[in-house]
Visitor: 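Below is the structure I would like to discuss, written out as structure tokens.
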There are 2 protein chains.
Amino acid sequence: MTAPHPPLPDDAELLRLDHQICFSLHAAARAFGGVYRDALKDLGLTYPQYLAMLVLWEEPDPQPVKAIGERLRLDSGTLSPLLKRLEAAGLVARERSAEDERSVVVRVTEAGEGLRERALPVPRSIAAASGLSLQDARTLRGLLERLTESLDAAQAGER
Amino acid sequence: MTAPHPPLPDDAELLRLDHQICFSLHAAARAFGGVYRDALKDLGLTYPQYLAMLVLWEEPDPQPVKAIGERLRLDSGTLSPLLKRLEAAGLVARERSAEDERSVVVRVTEAGEGLRERALPVPRSIAAASGLSLQDARTLRGLLERLTESLDAAQAGER
DNA sequence: CACGATTAAGTTGTGCACAACTAAGTTGTG
DNA sequence: CACAACTTAGTTGTGCACAACTTAATCGTG
């Protein structure tokens, strides 16, 4: 599709590369998971639970499950039990919305706000573990976002 | 740690970026999963099962579970049931090694070899879905590999 | 040779991801 | 207004990932 290169035909190299990329991607995602597991152990949160709390901490107002799912790219099949566990841990409260009774809004409890303080050092330890320069981090994020967009579009097209 | 940039102090930007990266990384990994799910549906394989078959197809000889786990960065807790499902599907056979009876070697059956042909077009459809240029694919793979290495090293250091 | 340490695979339990489905509420249109 | 289409959560079932543990075989050292 693009540039010349001697050792392999572009086509073959791209195939191999794509292979290695999805491979590396999974490996990297799991490696991140491991580092977060360590960093979050004391808080009693898993990584996806932490992500959900981040979304909730971001806004002062309670947020519907739908909105959380859109931010995290997760459906209710994943979020419902996750949020129930956060509720069981006392970090959030779930209530049917008054305006639209289909919707359930999730609110951070006082304990959940308290946890926020203790979670503050987490991003720094992750950043340190990642070992990326600011430059590389920007490049990587950009590529990942474009990649996800393409993949989602391709998948939507298949259906 | 590196270059100048006005809007945010480097430090704060790096924190935010790392956040977004692990976020994008998970999103991209899951998006890949979705595309593979479609591509592999007809073969009756999940994405991790496909990866295991790739490792087995790569070598003519049967491979011990250990070796597969090292290639895929997975432990027996994940691989044992996965390989059992592949065996139930008739794609592989598992036998205790004669030399070392602790070890179980996994062999591709005739049906498993047959599937190989049908799996040939998969990488191409994935490459198309990724929408990456050869250049970007190389950059991405490089960054992901460095990232995983750093994360693994950091985690090993924690323990 | 004996026996503790190590290694390989498997098992169990917890949690995430997602497809397929259900239940209940809301909206749009005739 | 009635009712079909849609939306939002939740449930169920399957599979992956991983920690902690068990079992059985092998290795190393005295």
Side-chain angles (χ1 to χ4, degrees), chain A residues 22 25-38 40-41 44-52 63-70 72-89 94-106 152 155 158-159, chain B residues 22 25-38 40-41 44-52 62-70 72-89 92 94-106 152 155 158-159:
Chain A
C22 64
L25 201 60
H26 267 256
R30 302 214 313 280
F32 250 126
V35 171
Y36 268 107
R37 209 185 323 281
D38 289 349
L40 296 171
K41 201 167 39 195
L45 290 177
T46 66
Y47 175 50
Q49 286 166 7
Y50 170 70
L51 291 181
Q63 295 186 58
V65 174
K66 182 78 194 306
I68 303 172
E70 273 163 8
L72 299 181
R73 208 181 166 284
L74 290 173
D75 67 1
S76 69
T78 301
L79 277 178
S80 288
L82 187 154
L83 291 170
K84 271 181 154 179
R85 281 187 281 271
L86 289 178
E87 187 173 42
R94 297 182 309 146
E95 294 149 17
R96 282 277 156 197
S97 161
E99 304 108 54
D100 186 341
E101 295 218 344
R102 289 170 302 184
S103 169
V104 166
V105 293
V106 183
D152 276 347
Q155 202 191 356
E158 294 255 329
R159 273 179 286 129
Chain B
C22 63
L25 200 60
H26 267 255
R30 301 212 316 278
F32 250 126
V35 170
Y36 268 107
R37 208 184 322 280
D38 289 348
L40 296 171
K41 200 167 40 197
L45 291 178
T46 65
Y47 175 50
Q49 286 166 7
Y50 171 70
L51 290 182
Q63 296 186 57
V65 174
K66 182 79 193 306
I68 304 171
E70 273 164 7
L72 300 181
R73 207 181 170 279
L74 290 173
D75 67 2
S76 70
T78 301
L79 277 178
S80 288
L82 187 153
L83 291 170
K84 272 182 153 179
R85 281 187 283 270
L86 289 179
E87 187 174 42
V92 306
R94 296 182 309 147
E95 294 149 17
R96 282 276 156 197
S97 161
E99 306 108 54
D100 185 342
E101 295 215 346
R102 290 170 303 183
S103 169
V104 167
V105 293
V106 184
D152 277 346
Q155 201 191 354
E158 293 256 328
R159 274 179 285 128

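Letters go in sequence order (proteins before strands), and every chain restarts at 1.
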Visitor: Keeping the roles fixed (side chain from B:R37, backbone from B:T46), state whether a donor-acceptor pair exists under 3.5 Å.
Guide: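 Here the side-chain-to-backbone pair does not exist.
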
Visitor: Between C:dA8, D:dA19, C:dA24, spot the one nearest the side chain of B:D75, thanks.
Guide: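 Taking heavy atoms from C-beta onward, the closest nucleotide is D:dA19.
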
Visitor: Could you check which of C:dA19, D:dG15, C:dA9 has an atom nearest any side-chain atom of B:Q49?
Guide: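 Selected nucleotide (nearest to the side chain): D:dG15.
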
Visitor: In whole angstroms, how far is the C1' atom of D:dG15 from the OH atom of B:Y36?
Guide: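 That distance rounds to 18 Å.
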
Visitor: Considering only side-chain heavy atoms of B:D100, which listed nucleotide, C:dG10, D:dT26, D:dA17, is closest?
Guide: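 Of the candidates, D:dT26 comes closest.
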
Visitor: Heavy atoms from C-beta onward define the side chain here; which of C:dC18, D:dC18, C:dA9 lies closest to that of B:S80?
Guide: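 For the B:S80 side chain, the nearest candidate turns out to be C:dA9.
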
Visitor: Side chain to side chain contact (heavy atoms under 4.5 Å, CB included), that's the test. Do B:V106 and B:Q63 meet it? Break it down for me.
Guide: CA-CA 5 Å; B:V106 184; B:Q63 296 186 57; 5.7 Å; no

Visitor: Identify, with sequence neighbours excluded, every residue that meets salt bridge (charged side-chain N to carboxylate O under 4.0 Å, His left out) alongside A:E101.
Guide: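 In terms of salt bridge (charged side-chain N to carboxylate O under 4.0 Å, His left out), with neighbours along the sequence ignored, A:E101 is linked to no residue.
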
Visitor: Specify the separation, in whole Å, of atom CZ of B:R37 and atom C1' of C:dC18.
Guide: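 These atoms are roughly 6 Å apart.
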
Visitor: So do B:L86 and B:L45 actually touch side chain to side chain, heavy atoms under 4.5 Å?
Guide: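 In contact.
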
Visitor: Please state how far atom CG in A:L83 lies from atom P in D:dT8, giving the value in whole angstrom units.
Guide: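 Checked: the CG to P distance equals 16 Å.
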
Visitor: Judged by each residue's nearest nucleotide on DNA chain C, which is more toward the 5′ side, A:A98 or B:A31?
Guide: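 Residue closer to the 5' terminus by nearest nucleotide: B:A31.
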
Visitor: Determine whether any donor atom in the side chain of B:T46 lies under 3.5 Å from an acceptor atom in the base of D:dG15, or the reverse, and answer yes or no.
Guide: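 For B:T46, whose side chain was compared with the base of D:dG15, there is no donor-acceptor pair (under 3.5 Å).
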
Visitor: From C-beta outward on A:R73, which listed nucleotide comes closest to its side chain: C:dC18, C:dT26, D:dT8?
Guide: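 The listed nucleotide nearest to A:R73's side chain is C:dC18.
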
Visitor: By nearest atom, which of the nucleotides D:dC18, D:dG15, D:dG10 is closest to the A:R30 side chain?
Guide: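 Of D:dC18, D:dG15, D:dG10, D:dC18 is nearest to the side chain of A:R30.
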
Visitor: Of the non-hydrogen atoms in A:V65 and A:L79, which two are nearest, and what is the gap between them?
Guide: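 Smallest heavy-atom distance, with atoms named: O-CD1, 3.8 Å.
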
Visitor: Quick one: B:L45 CG to D:dG15 C1', roughly how many Å, whole number?
Guide: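 Taking atom C1' of D:dG15 as the reference, CG of B:L45 is at 13 Å.
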
Visitor: Nearest-Å distance, CG (B:L79) to C1' (D:dC18)?
Guide: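 For the pair B:L79 CG and D:dC18 C1', the rounded distance is 12 Å.
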
Visitor: Please determine whether a side-chain nitrogen or oxygen atom of B:S76 lies at a distance below 4.0 Å from atom OP1 or OP2 of C:dT11.
Guide: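 Checking B:S76 against C:dT11: no side-chain N or O falls below 4.0 Å of OP1 or OP2.
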
Visitor: Picking from D:dG10, C:dA9, D:dC18, which would you name as closest to the side chain of A:R96?
Guide: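 Looking only at side-chain atoms, A:R96 lies closest to D:dG10.
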
Visitor: For a quick test of reading the model, state the closest non-hydrogen atom pair linking B:S103 to B:P64 and the distance between them.
Guide: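 Where B:S103 meets B:P64 most closely, the heavy atoms are OG-CB, 3.5 Å.
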
Visitor: Please examine the side chains of B:Q49 and B:L40, heavy atoms only from C-beta on, and report whether any two atoms are closer than 4.5 Å.
Guide: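 Contact flag for B:L40/B:Q49 side chains = no.
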
Visitor: Does D:dA9 have its OP1 or OP2 closer than 4.0 Å to a side-chain nitrogen or oxygen of A:K84?
Guide: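 Answer no for this pair, as no side-chain N or O of A:K84 is under 4.0 Å from OP1 or OP2.
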
Visitor: For B:R94 and C:dG10, is the shortest distance between a side-chain N/O and OP1 or OP2 below 4.0 Å?
Guide: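 True: B:R94 side-chain N/O within range (under 4.0 Å) of C:dG10 OP1/OP2.
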
Visitor: Taking the side chain of B:V104 as its heavy atoms from C-beta onward, which of C:dT7, D:dG15, C:dG10 lies nearest to it?
Guide: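 Out of C:dT7, D:dG15, C:dG10, the nucleotide with an atom closest to B:V104's side chain is C:dG10.
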
Visitor: Within the structure shown, what part of the strands sits under 4.0 Å from B:E99 by heavy-atom distance: base, sugar-phosphate, or nothing?
Guide: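 Here B:E99 touches the backbone only, sparing every base.
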
Visitor: For the side chain of B:H26, counting heavy atoms from C-beta on, which of C:dA17, C:dG25, C:dA9 is nearest?
Guide: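 When the side chain of B:H26 is considered, C:dA17 is the closest of C:dA17, C:dG25, C:dA9.
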
Visitor: Looking at A:T78, is its backbone amide N or carbonyl O close enough to the side chain of A:D75 to form a donor-acceptor pair, meaning the two atoms are under 3.5 Å apart?
Guide: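 At least one qualifying donor-acceptor pair exists.
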
Visitor: To the nearest Å, give me how far apart CG (B:L82) and P (C:dA9) are.
Guide: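 Going from CG in B:L82 over to P in C:dA9 covers 14 Å.
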
Visitor: Quick check for you: among D:dT26, C:dA17, D:dT7, whose closest atom lies nearest to any side-chain atom of A:P48?
Guide: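 Nearest to the side chain of A:P48 among the choices is C:dA17.
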
Visitor: Calculate the interatomic distance between A:L25 atom CG and D:dA17 atom P; express it in whole Å.
Guide: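 One finds 13 Å between P of D:dA17 and CG of A:L25, rounded.
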
Visitor: With sequence neighbours left out, write down each residue that passes ring pair (Phe, Tyr, Trp, His ring centres under 6.0 Å) with A:Y47, or none if nothing qualifies.
Guide: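 Checked A:Y47 against ring pair (Phe, Tyr, Trp, His ring centres under 6.0 Å); matches are A:Y36, B:H26.
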
Visitor: How many Å lie between NZ on B:K41 and P on C:dA19, as a whole number?
Guide: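 To the nearest whole Å, that distance equals 10 Å.
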
Visitor: Relative to the 5' end of DNA chain D, which residue comes earlier, B:E101 or A:P64, by the nucleotide with the nearest heavy atom?
Guide: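 The residue mapped nearer the 5' terminus is A:P64.
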
Visitor: Dot-bracket for DNA chain C, 5' to 3', counting Watson-Crick or G-U wobble pairs under 3.5 Å, with [ ] for crossing pairs and | for inter-strand pairs?
Guide: ||||||||||||||||||||||||||||||

